[in-house]
Number of protein chains: 2
Amino acid sequence: MATIINLKDIKKSIQSVDIVAAMKEGFIHYSNEKTVVPPVGELLFEDPPGDVHIKYGYIKNDDFYVIKIASGFYNNSKLGIASSQGMMLIFSQKTGQPVAILLDEGHLTDIRTAAAGALAAMYFAPKKIKAIGIIGTGIQAKLQLQFLQKNNPCKTVWVWGRTLENTEKFKAELSPDFDIHIAKTPAEVAKNSTLIVTTTPSEVALLDAKDILPGTHITAVGSDTSDKQELDSKVLQKADIVIADSIPQSKNRGEIYRAIKDGTISEEKIVELGHVIQDPALQRTNDDQITVVDLTGVAVQDIMIAKAVYKTYMNTKI
Amino acid sequence: MATIINLKDIKKSIQSVDIVAAMKEGFIHYSNEKTVVPPVGELLFEDPPGDVHIKYGYIKNDDFYVIKIASGFYNNSKLGIASSQGMMLIFSQKTGQPVAILLDEGHLTDIRTAAAGALAAMYFAPKKIKAIGIIGTGIQAKLQLQFLQKNNPCKTVWVWGRTLENTEKFKAELSPDFDIHIAKTPAEVAKNSTLIVTTTPSEVALLDAKDILPGTHITAVGSDTSDKQELDSKVLQKADIVIADSIPQSKNRGEIYRAIKDGTISEEKIVELGHVIQDPALQRTNDDQITVVDLTGVAVQDIMIAKAVYKTYMNTKI
C-alpha cells in the first residue's frame, strides 16, 4: 500500500531537505545521461481553459521511478481555488509497485524551480552583487528571492511587475526582510541589479541587451514554451556564457530556442547546466562577464524532489 | 482532498456496475470523436525488465479527466508479487483538482478488457454457439469466459494453453461451472468452437484460416503491440467483417496492423467498434459470416471504468 503524503506533511518534510543540493545532483545525473526522461505528456482543455502536463522518468539503477501530474486551470482564481494543481507519484523501479503519493498541489514544482534558480546563482552570480533584480511579482518571484538568500545574502532588491497593485503587494509582503525598490520599467531593474531573475509568462521581451550591466547574471525562469520570451535575443548574444538546463528542451522552448530561431546565437554557444557545474573551465572566469541560465524545467528535478521529500517523511515518521 | 479507494473497495463497487454497458457507451463516445485521447506515454526498464504505460484522456464536456498508470514487471512472480501494477487517477475537468485515486493494481484494466470482449460477442457471436473456444489460460482467459456468460450462457468450452500444467489448472478451476475440454492444438479449439477468444502474448500466429468454422466470431485480445500476433493474416482475409476497437491504434499494433502490413487485407475493410454497434447495417447479417474483433485497448475504457467505480463507491458510502 502506497504511503499518502499530504501538503502539510510535504511542507514540513521539505524544511529539512537541502533542495539546492538535490537539484545539483539531479542536473549532473541528467547531463551525464544517467536518466531516462521521455517527452512530456500533455492534455488540453478549452472550456474552462486548462492544461495538464505529465512529466515522468527515472535515474538509472535507482530505487524509484516518478510521475508528476501538474495542471494550470487559469479561471480557478474566480472560484477561490489555486490555478496550479497536481501530485507526484513514486513507484518501485524493481517491481512497479506504488511507493508513495505526494499530494503536493503543485507546490513541489514551485520549490524545485526556485531551487534551480538558487543553484544557477551559486555558480554564476558575480562575487559582489549590486542588487537582486526580480521581474514579476508572483509566487515564483517570491520563492526565487527567498532561495537566493541561501548563498547570496543580498538584501537590496529591485522589482518590476506588470501591475503596480501586485508590485506593491510584493513589496509589502517582503519588506520586513528586504530593502525593496519598485522599478517603473524592466530596464530600471537591469540598470540597478547584477543578479536578475525573470519569472513572468510574458510573450514579448522585457529586458534589452543595452540595459544589462557588466558582470550581470540572469536566470530566466518564466519562458518554458515556444511562445514565451522575457529576454531580447540580443541579451543572449551579448552574454559571455549561455546555459540551458536541458539542451534537448532548449531546441523547442525557452529563451535559447527564441534566440537561435532569430539567428542571434548559434547552438554551439549553449552549454548544459549539469556539465557546467562539474567543469570550472565552463564557469565564470571574471566579474565582468555576463551570464544567462535558461530554465525550462526538467523531469529530473521532479524525480529528485519527490524522492527527497519521501525519504525525509519516512525518516521522521520512525 | 482526493478520495483514496483501495483494491478491496474497488472489487466491491464494481459488482454493481454494468461494465459492458459502460464500455459500449465509451466506444460510442470514442468513435463519435467525443473524446480526447493523446498518445500513450511509455517508460521502459531493463534490469529487471519492465514497462510502464500511461494512458490518459477525457470525454468532452464531462466532469472528469483520467490518468491510468499500468505496469508489467515480468520477474515479479519470482518475488511472489503480481506482474501487473498500477493505479487510476480521476481529476476534475473544470479545475484540475484531484478527485479520486483508485489503487487498482491493474485489476480494472483486466476487467475493462474482459468487458470489451463481452461487448464484442454481444454484437457478433452467432445465434447458436457450438462451444466457446479459449486460447490461453491466464487471468484474461478466465475473465473473458466469465464475462461472456452475461449474454452467451454457453457452458461447453474448448481451451488450449502453451503448457499442459496451466491448462489443467484452468480446467480444474473452472470445471464447477463449465464443461471444459482440453485441446491438443489451437486448431482443435477452432474446429470445435464458434465463439473464440484469443488471450496470449504470442508473437507467432496460433489460428489458421482453414480451421475456422462458418459462422465463427473471434475476439483477439492478446495482441496489443506491433510484435504480437495470434491470428494468421488469412483469418482476417477470410472474415466477412473485421472490427477494430480503435482504427488509429490498428495502424501500428494488433492483428489488423499485421494483416495490413502483410498485404492480406486493405484498410478499407476495417470498421470501428463504436460505429458498428450504432449501425445494424455494419453488423452480422447471417449465421454463416465469420467476424473478427481486434481489441488493442483504448484509454476511453479506462476513463469509463474509473468513473463508474468512483461513482458507485461514493453512492454506497452515503
Side-chain angles (χ1 to χ4, degrees), chain A residues 1-2 4 6-8 36-58 60-62 65-67 69-87 89 91-99 101 103-106 299, chain B residues 1-2 4 6-8 36-58 60-62 65-67 69-87 89 91-99 101 103-106 299:
Chain A
M1 176 78 181
I4 317 280
N6 64 29
L7 182 56
K8 196 182 137 210
V36 174
V37 176
V40 176
E42 192 176 57
L43 203 53
L44 302 175
F45 298 86
E46 283 172 15
D47 181 27
D51 53 64
V52 179
H53 288 97
I54 308 173
K55 291 189 175 180
Y56 51 104
Y58 61 93
K60 291 174 192 171
N61 302 313
D62 191 20
Y65 79 85
V66 170
I67 298 177
I69 297 120
S71 64
F73 282 78
Y74 303 100
N75 291 353
N76 278 6
S77 56
K78 291 178 197 164
L79 307 167
I81 299 170
S83 65
S84 294
Q85 295 289 337
M87 61 177 75
L89 309 168
F91 297 85
S92 162
Q93 201 177 109
K94 305 296 174 206
T95 66
Q97 288 174 299
V99 172
I101 298 171
L103 299 168
D104 77 313
E105 300 173 26
Chain B
M1 174 80 180
I4 317 278
N6 63 30
L7 182 56
K8 196 182 136 211
V36 175
V37 176
V40 176
E42 190 176 60
L43 203 53
L44 302 176
F45 298 87
E46 282 173 15
D47 183 27
D51 53 65
V52 179
H53 288 98
I54 308 173
K55 293 189 174 178
Y56 53 104
Y58 61 92
K60 291 174 191 171
N61 302 313
D62 191 18
Y65 79 84
V66 171
I67 299 176
I69 297 118
S71 64
F73 282 77
Y74 303 100
N75 290 353
N76 279 5
S77 56
K78 291 179 197 164
L79 308 166
I81 300 169
S83 66
S84 295
Q85 295 288 337
M87 62 176 77
L89 309 168
F91 298 85
S92 162
Q93 201 177 110
K94 305 297 172 205
T95 66
Q97 288 175 299
V99 172
I101 298 170
L103 300 168
D104 77 312
E105 301 173 25

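Side chains included, hydrogens not; waters and symmetry mates left out as well; all remaining heavy atoms used. Reminder, nothing fancy here: chain letters follow the sequence lines and each chain counts from 1.
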Side chains of B:Gln93 and B:Asp62 in contact at under 4.5 Å (non-hydrogen atoms):
yes
Does a side-chain heavy-atom distance below 4.5 Å link A:Leu89 with A:Pro98?
no
Which atoms of A:Glu105 approach chain B - backbone, side chain, both or neither, heavy atom under 4.5 Å:
neither
Rounded to the nearest 0.5 Å, what's the gap from CG on B:Asn6 to CD1 on B:Ile101? Could you check?
12.5 Å
Partner chain A: residue of B:Leu103, B:Leu79, B:Ile54, B:Ile4 with the largest heavy-atom pair count (under 4.5 Å):
B:Ile54
Which answer fits B:Leu7, side chain, backbone, both or neither, if we ask what part of it has an atom under 4.5 Å from a heavy atom of chain A?
neither
Which bit of B:Tyr74 is near chain A, if near means a heavy-atom gap under 4.5 Å: side chain, backbone, both or neither?
neither
Under a 4.5 Å cutoff for heavy-atom pairs, which residue among B:Leu44, B:Val40, B:Val37 has the most contacts with chain A?
B:Leu44
Ring centers of A:Phe73, A:Phe45 separated by less than 6.0 Å:
yes
Kindly say whether B:Ile69 contributes a backbone atom to a donor-acceptor pair with the side chain of B:Tyr56 at under 3.5 angstrom?
no
Residue from B:Gln97, B:Glu42, B:Glu46, B:Lys60 scoring the most non-hydrogen pairs under 4.5 Å with chain A is B:Gln97
Please report the shortest heavy-atom distance between B:Thr95 and A:Gln85, naming the atom on each side.
O-CG, 3.6 Å
I'd like to know which of B:Val52, B:Asp47, B:Val36 tops the heavy-atom pair count under 4.5 Å against chain A.
B:Val52
Okay, A:Asp51 and chain B: the region with an atom under 4.5 Å from a heavy atom over there is neither
